Every structure is written in structure tokens, then in C-alpha cells.
Amino acid sequence: MNRTIRIPVPAEFDFSVNLDYLSRSPDESLYRIRDGRLFKTIPCGSRSPFFEVAAEPGSLLVLPLDDEPWSPETEREVVAYTRDWFDLDNDLSPFYELAGRDPLLRDVVSRLYGLRNMGIPDLFEALCWGIIGQQINLAFAYTLKRRFVEAFGRQVRRGDVDCWLFPEPRDIAGLDVGDIAALKMTTKKAEYLIGVARLIADGELGRAVLLEGDIRSAEKRLVSIRGIGPWTANYVLMRCLRYPSAFPIDDVGLHNAIKAVLRMEQKPTAARIKELAVGWRGWEAYATFYLWRVLY
DNA sequence: GGCCAGGACTATG
DNA sequence: CATAGTCATGGC
């Protein structure tokens, strides 16, 4: 019988605030939230362990929902995924210290204390989500992601709960552009998705390789890929590769969040944003993630 | 009904 | 290097 796994969490952690973030779209199908309970499955070899993530003071709990026992390997992978998903290995105290002195961040951070930069541990998923989200509103982006996942991914059910597994690169690499454009994405995005899938499926791109150097070399590599510009590269550096200094500075959502917090008439210029972000050095990703929550 | 959205590519000066 | 046009659909 599978046991409950207990993962210690840092002091700067509030499960309910993170759950609120995860609840932001009804079109999310890669995990489910039912009656305040979080359900998830991940690919693990040929298996797809299904589990609930819950919380008690000082810990996250992983509750396996499979009848067959998890191997030690499966247990390790699920725990590693959950740690990464909730960004538990980052010490946020320096961020909170600087944010408390920052007029733009102070109120947001105190209101969302304990929010982590919820990650997208899978590189292909992170890249696809970035590409899909380019230049469209977030609600539509979720619609497109759902269509993409439910067209090419795999559904896993346990009892009355289901989750979808994100499509594997090999599932996408062989598609025709029209197969994806039929979901009402632009032809270019369909090309980009297939291109990225091929790179990963062929072993020319992977998370481990990107993490070999520093953030600059990873950014350079990502931007060299067709369809990945500075915004998408930094989005992936932030949500997948976990660099707290990644900064999607071109992000329209960030611009609108700054505009709202400072009650500006118009969106801030690039120069103004750079000024405002001087004090965030090293924590730009967290500043951005918190500011996003002002709007979404 | 019009503006804009968690951009990137391409062509042009 | 900087700017403008293009993609294309949907949310609000």
C-alpha cells in the first residue's frame, strides 16, 4: 500500500495562496482542483502516477492515488516534480527583504505572502506554453493550450477525477502544420511548436544541456531557436530553468500590472521599467510573478 | 464594434 | 540599430 509522503516546506510558504494561483483558469487540464483539493499526474517511464498534493503546517503532502505500489524511482520523481513545481528549493527571504523596501512591490508582496513562482518543470511544456501565449490574451491562450493538450496528449483517470499528460515531443514532431493550425493557432506558431518538438525529440535541446552554463548562455541558445524571442526565452528561464533573475521585461502583463499599481495613465516605457526594476536585481522573476497576480 | 492581447519574424531605411 | 507591417483569433 502506498504511504503518504511528507515534504518539508520553507517558512515563506502558503499553500492556499499557491492554490489560488493554480485556480486561475477553468481551462486548465494538466491538473485539477476539486473542492479545494489539488490532483496531478506526471509521466514516469511507462507509468503515470496519479496523486493529490495537500498541505499541513510545515509540509506539503503527496497522497498517492494508485492501487499498485509506487517504485522508489516513481516516488523520487514525484517528489522531485512537486518540489520543483512549488519552487521549494529557493530561499525567498532576500526577495521579501528587498520587496518590503520597494514601493511597487510592497503591498503586492504582503498580500500574497507565501506565493511561490509555480513552475513548469517539463521543458517542452514550458516552451509550448510560452509560444502559445505569444501576443494573445491569457484566456485565449488557455483555450488553445487545452485544445493542444486534448488533441495530442493523453488522459489519465482515477475514480471521478481526470488529468491530462502534456504531449511528448515525439508526438508533435511528426505532425503537419495543418494539424495544429486547425486548433486556430497561427500557422507560424504551429511551425514553432513542431520545430521545438523536433529539437527535443532529436536530442539537440534539453533541460540538462541548458543548465550546463549560466543564464546568459541558456538565453542565447533559446533565442537562437526559431519562434523563441527574448520574452519566451526569459519566460522559460523563469518558469522551467528556475533562474530568479530571469526577466521577461517585454511582457505586456507586467507593463499593465505596473500601470495599475502606480495608477499610471499609460503603460510604462521600457526605460521606466528598467529604472523601477533596479532594486529587483537577482529577483526579477519573482517580482514579475507577483506583479502578474495583480491582474490575473 | 474596435482595440488589444503574458511576441516574433521579416523587410526596409 | 530602429521602425513598420504581418500574423490571425478571440476576449472584453
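Since the structure is predicted, the reported quantities are computational estimates derived from the model, not experimental observations. Note that these values count all heavy atoms, side chains included, but never hydrogens, waters or copies made by symmetry. Chain letters run A, B, ... following the sequence lines, proteins first and then strands; every chain starts at 1.
As a member of the Ile/Leu/Val/Met/Phe/Trp/Tyr network built from side-chain separations under 4.5 Å, A/Leu65 groups with A/Phe39, A/Phe50, A/Val156, A/Val161, A/Leu165. Within the hydrophobic cluster formed by Ile, Leu, Val, Met, Phe, Trp and Tyr side chains joined at under 4.5 Å, directly or through other members, A/Leu61 is accompanied by A/Leu63.
Considering only residues two or more places apart in sequence or on other chains, A/Tyr21 meets the ring-ring contact (aromatic ring centres under 6.0 Å, His included) condition with A/Phe289. Scanning for side-chain contact (heavy atoms from CB on, under 4.5 Å) contacts around A/Ser224 gives A/Arg221, with sequence neighbours left out. Residues satisfying the side-chain contact (heavy atoms from CB on, under 4.5 Å) test with A/Arg198, not counting sequence neighbours, are A/Ala173, A/Ile194, A/Asp202. Residues that satisfy the side-chain hydrogen bond (donor to acceptor under 3.5 Å, both in side chains) test with A/Asp27, not counting sequence neighbours, are A/Arg146. With sequence neighbours excluded, no residue forms a side-chain contact (heavy atoms from CB on, under 4.5 Å) with A/Asp107.
Against DNA chain C, the stretch residues 116-128 of chain A makes no heavy-atom approach under 4.0 Å. Contact check of residues 15-33 of chain A against DNA chain B (heavy atom, cut-off under 4.0 Å) returns A/Arg24. The stretch residues 177-199 of chain A touches DNA chain B through A/Tyr192, each having a heavy atom within less than 4.0 Å of the strand. Residues of residues 222-230 of chain A having a heavy atom closer than 4.0 Å to DNA chain B, listed by number: A/Ile225, A/Arg226, A/Gly227, A/Ile228, A/Gly229, A/Pro230.
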Every protein N/O within reach of nucleotides 3-5 of chain B N/O, cut-off under 3.5 Å:
{"residue": "B/dA5", "atom": "OP1", "partner": "A/Asn256", "partner atom": "ND2", "Å": "3.3"}
{"residue": "B/dA5", "atom": "OP1", "partner": "A/Lys267", "partner atom": "NZ", "Å": "3.4"}
{"residue": "B/dA5", "atom": "OP2", "partner": "A/Lys267", "partner atom": "NZ", "Å": "3.4"}
{"residue": "B/dA5", "atom": "O3'", "partner": "A/Ile136", "partner atom": "O", "Å": "3.3"}
{"residue": "B/dA5", "atom": "N7", "partner": "A/Gln135", "partner atom": "NE2", "Å": "3.0"}

